**Student:** 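The structure's right below; bear with me while I get my questions together.
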There are 2 protein chains.
Amino acid sequence: MKKSDKENTEEKIFNAAKKVFVRKGSDGARMQEIADEAGINKSLLHYYYRSKDKLFAAVFEFFASKFFPDIFNIFNSDDDIFIKFEKFIHAYIDMLSKNPFIPMFMLNEIKKGNASFAIKVISRAGVNIKAFEQLVEKEIKKGNIKNVNPKNLIINMLGLIIFPFISRPLFEVLIFDNNKNAVDEFLAQRKEEVSTLIINMLKPEKTLN
Amino acid sequence: MKKSDKENTEEKIFNAAKKVFVRKGSDGARMQEIADEAGINKSLLHYYYRSKDKLFAAVFEFFASKFFPDIFNIFNSDDDIFIKFEKFIHAYIDMLSKNPFIPMFMLNEIKKGNASFAIKVISRAGVNIKAFEQLVEKEIKKGNIKNVNPKNLIINMLGLIIFPFISRPLFEVLIFDNNKNAVDEFLAQRKEEVSTLIINMLKPEKTLN
DNA sequence: GTCTATAAATTGATAGAC
DNA sequence: GTCTATCAATTTATAGAC
């Protein structure tokens, strides 16, 4: 009884903290606001997490594990290279659709000085960029894809995937006249759009000349 | 004498404020840190700008005018459509190279609730997305470019341009092993990369089948 | 475990001397 | 215009009752 209650409160706090830290950032977030969001007393935050820093660290780690997901292991499968990219793009956009504010949160906090912390989480998650670059180079040699720069490819792909989520608050009003449904449709349709673009970047020329 | 001193101090404060607000955001920035950065006394900040909010507003407006620049008027010229895109991409990446932290700053502050403020600055700057969409549709009808979705085109282009700057703190260590020179070279080379990609998105198929 | 009350620290802002 | 000293408000954190 007591046990489950404890778990429950800790969970409430954690979920509330996720919301508030994402909304306001580590500096803008207030312990009182987190307590209100959780519907509990402020001092319980300290009872369970000791300090704001510790609570933030827990939230940061949670989001980091989502932002650098197992999804990267898609590239370790033995699918066709084009299928790998398509699967990755779809899976990542699906994740972001459920957690649209993660990229802004992560990149902003990393910029403010949590880069080294982030790197730990990344390596723990098994994200291996070098392996990705080698895979691309291998496929180029085999003639399966065009001779692209792997670093450009990564940045292009992640930019096409992530940027719409980061810039949503802006283009929602600037391009979509505040029509949130239209934006949701737009973002869902990005899965196909980005897949097509990346495939076109990779597909060898139909050597016709 | 007094006049030029005054201008000078105000300028010092403003420049210091730009640095600190970009580094820490509106919440994380401290008036003391701005004063230290400017090498002047803290109370002078209030003498010249009354409050932290007012100082922030000035900085925000300054960056907004850079983030939504005259550059968009490139699309009003009578250049060939491909030249327009190339000029825009080059000009915008050049600007970002000189002010690499503007996108993160702007998008983050807009997310935290300054969207309406941003919109005012945008319309004052004459940025007109609707006109851009119409231009694209016109060129499609003329058969000069492929039948692309204008909204996707904008987001693709801005993502490819802006995302590398937003994510630099991350990929600098993750992809470039902290080699800052390599990153600078990479970003400079993006002008050609993005131009090529956008042109490929727009160039009509060599209808061979 | 949860609450109230309060301490302790931080920080934006002002008063007033020069 | 610029400085020192200080206030007032906010906010994190703790003590202690239940």
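This one's a predicted model, so the numbers in the text were calculated from it and none came from an experiment. Naming: A, B, ... by sequence-line order, numbering from 1 per chain.
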**Student:** Provide, to the nearest angstrom, the distance between the NZ atom belonging to B/K54 and the P atom belonging to C/dG12.
**Tutor:** 15 Å

**Student:** Considering only heavy atoms, which members of residues 19-43 of chain B lie under 4.0 Å from some atom of DNA chain D?
**Tutor:** B/N41, B/S43

**Student:** Is the shortest side-chain N/O distance from A/S51 to OP1 or OP2 of D/dT12 below 4.0 Å?
**Tutor:**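 Negative; the distance criterion is not met.
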
**Student:** What is the separation between atom CG on A/L44 and atom P on C/dT4, rounded to the nearest whole Å?
**Tutor:**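 Taking atom P of C/dT4 as the reference, CG of A/L44 is at 10 Å.
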
**Student:** Tell me the interatomic distance from A/Y47, atom OH, to D/dA15, atom P, rounded to whole angstroms.
**Tutor:** 15 Å

**Student:** Is the positively charged end of B/K151 above the ring of A/F186, judged by distance under 6.0 angstrom from the centroid and angle within 45° of the axis?
**Tutor:** no

**Student:** Please determine if a side-chain N or O atom of B/Y48 lies less than 4.0 Å away from the OP1 or OP2 oxygen of D/dT2.
**Tutor:**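 The answer is yes; a side-chain N or O of B/Y48 sits under 4.0 Å from OP1 or OP2.
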
**Student:** With a 4.5 Å limit on heavy-atom distance, are the side chains of A/F163 and A/F171 in contact?
**Tutor:** no

**Student:** Please work out whether the ring planes of A/F56 and A/F21 are parallel, tilted or perpendicular, with thresholds of 30° and 60°.
**Tutor:**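 Because their plane-to-plane angle is over 60°, the rings of A/F56 and A/F21 count as perpendicular.
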
**Student:** Should B/K120 and B/E61 be marked as a salt bridge (charged side-chain N to carboxylate O under 4.0 Å, His left out) after you check the CA-CA gap, both sets of side-chain angles, and the distance that decides it?
**Tutor:** CA-CA 10 Å; B/K120 280 182 201 159; B/E61 173 131 14; over 6 Å; no

**Student:** Can you tell me the distance, in whole Å, between the CG atom of B/L45 and the C1' atom of C/dT14?
**Tutor:**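 Rounded to the whole Å, the gap is 14 Å.
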
**Student:** Return the value, rounded to whole Å, for the distance between atom CD1 of A/I13 and atom P of D/dA13.
**Tutor:** 14 Å

**Student:** Tell me the interatomic distance from A/Y49, atom OH, to D/dT12, atom C1', rounded to whole angstroms.
**Tutor:**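 Distance check: A/Y49 OH to D/dT12 C1' gives 18 Å.
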
**Student:** Let me know the distance between CG of B/D53 and P of C/dT11, rounded to the nearest Å.
**Tutor:**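 The answer, rounded to whole Å, is 16 Å.
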
**Student:** What's the closest nucleotide to the side chain of A/H46 if the choices are D/dC3, C/dA13, D/dT12?
**Tutor:** D/dT12

**Student:** Measuring from atom OG of B/S167 to atom CE of A/M106, what distance do you get when rounded to the nearest 0.5 angstrom?
**Tutor:**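 Spacing of OG (B/S167) from CE (A/M106) equals 12.5 Å.
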
**Student:** Pick one: which of B/R23, B/K24, B/K12 meets salt bridge (Lys or Arg N to Asp or Glu O under 4.0 Å) with B/E37?
**Tutor:**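 With B/E37 as partner, B/R23, B/K24, B/K12 yield a single salt bridge (Lys or Arg N to Asp or Glu O under 4.0 Å), made by B/R23.
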
